[in-house]
Amino acid sequence: MAFNMNDIIFKKREGGRLSREEIHYWITGYVAGDIPDYQVSALLMAIFFRGLDREETFNLTTAMRYSGDTIDLSPINGIKVDKHSTGGVGDKTTLIVAPLASACGVPIAKMSGRGLGFTGGTVDKMESIPGFRTAMEPEEFLSQVNKIGMAVIGQTAHITPADKKLYALRDVTATVDNFGLIASSIMSKKLAAGSDAIVLDVKCGDGAFMENLEDAVTLANLMVDIGTDAGRKTVAAITDMSQPLGKAVGNSLEVIEAIETLKGKGPADITELAEKLSGIMIYLGGKASDPDEGYAMAGKALADGSGLAQLGRFIEAQGGNPAVIDDYSLFPQASVMDELKAEKDGYVEEIAARTIGLASQHTGAGRATKESSIDLSAGVYLHKKVGDKVTAGDTLAVFYGNDRAKVDAAVAEAKKAFKITDKTCERPVLIKEIIGLEE
Ligand code: URA
């Protein structure tokens with residue numbers, strides 16, 4: 001049957017359901033360059049207002065998944081488990097959970113992204129390790145996982161080109177924040193990347209796409225349904241992003257915090273999250289008979305140093321200098337530093353994650369556009385977290401960079417993030433819900 005883009009836009013504008021064939025038509029036509037941006041923009045806006053149901057979202061995910069190369073991980077033995085975060089501030093979890101799960105026998109063959117705007121990306125963080133390579137040919141990627149149990153690289157150019165084109169268009173047409181579009185964008189990449197099971201970390205709060213729990217639950221359920229319908233075991237944890245995760249925000253600062261966490265000296269929140277997520281990965285990877293056993297195994301891999309040893313093997317295998325684990329002076333160093341101090345006594349009630357993310361971006365740690373270059377040594381280190389007691393003059397945060405004006409701008413921005421109150425404050429609940437896991 002011949003389709004017409006105008007009819008498809010009209011159908012969605014009037015609240016109709018798009019068939020699998022119609023979705024396939026506009027995705028393949030768009031990637032081929034036969035359907036112009038202006039028609040896809042109109043359709044995206046119609047989708048934004050009318051929504052996509054479960055079946056449409058699955059069909060859109062599938063069309064995007066097969067719009068380019070897909071990765072065949074079958075040459076790797078065992079159940080491959082992927083993990084994905086919807087993005088946040090200070091989220092260095094991959095650098096901790098991948099070594100922990102892999103130290104427990106779960107093969108990790110993962111593709112990660114770069115940071116944009118106020119959110120960071122694992123690929124940039126890994127590149128702060130001297131010599132570390134984030135690009136590799138498929139054969140080398142597969143053979144590294146078979147040899148040492150894990151590999152993490154940047155997403156290759158040929159995976160889900162439909163998502164790349166659509167995301168760029170959504171970004172400039174105010175159509176990013178739609179459940180079906182976000183879920184299909186994320187899940188198309190995860191399914192194309194080939195793992196057998198997927199653990200999703202859906203961030204919730206001021207520093208995340210989903211600012212409230214209800215929306216985060218809706219998105220998580222949608223993604224778990226898509227993964228399940230595609231035959232992949234999929235679990236989603238909904239976790240706090242009202243304040244930054246851990247204390248370090250910025251590339252090398254976050255790698256150092258990941259190493260410290262694997263040494264058992266990390267902040268409580270990132271340690272708890274890493275144990276939980278890697279525990280779920282160990283269970284889904286068939287190495288534990290239930291989630292509780294998975295959590296215990298993750299805790300043991302952290303306590304006995306096997307996760308840290310695995311991180312060292314991983315860094316070395318990808319060309320990085322594993323000596324960074326014991327000598328942090330090998331990381332790129334900042335030449336400019338500044339501090340933000342508390343102006344009064346009290347308790348930290350809020351550290352707005354988005355504002356700290358923006359402050360970190362101002363130091364030079366984040367990029368404003370995909371083309372911007374970043375300062376791998378720059379960022380923010382929090383000395384206080386929500387719930388902590390402070391005395392006037394205490395250091396709330398330290399700022400690092402190589403440009404005085406940028407660091408000054410970061411301090412000014414970060415001032416807006418902190419709220420100090422007279423009354424004691426509860427720490428936010430870190431793991432709010434887990435969806436798709438039979439405990
Ligand atoms: N992350 C993605 O990959 N896609 C979205 O649409 C939103 C977040």
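When a ligand or atom number is given, it counts from 1 through the structure's own listing order.
- Using modelled atom types and a 3.5 Å distance limit, the side chains of S85 and D91 yield a donor-acceptor pair.
- Selection from S85, S184, S185 by nearest heavy atom to atom 2 (C) of ligand 1 gives S185.
- Surrounding CD of E14 are more than 12 heavy atoms belonging to other residues, nucleotides or ligands, all under 6.0 Å away.
- Put simply, the residue from I27, L191, I159, D163 that forms a side chain to side chain contact (heavy atoms under 4.5 Å, CB included) with R65 is L191.
- Closest to atom 8 (C) of ligand 1 among all protein heavy atoms lies F209 CE1, 3.2 Å.
- The only member of T239, I431, L277 that meets side chain to side chain contact (heavy atoms under 4.5 Å, CB included) when paired with E272 is I431.
- Listed by number with element, the atoms of ligand 1 under 4.0 angstrom from any heavy atom of Y167 are 4 (N), 5 (C), 6 (O), 7 (C).
- Nearest protein neighbour of atom 1 (N) of ligand 1, counting heavy atoms only, is I186 CG1, 3.7 Å.
- Under the 30°/60° scheme for interplanar angles, the aromatic rings of F314 and F132 are found to stand perpendicular.
- An N or O contact shorter than 3.5 Å links K189 to ligand 1 by distance.
- The shortest N or O to N or O distance between R170 and ligand 1 is below 3.5 Å.
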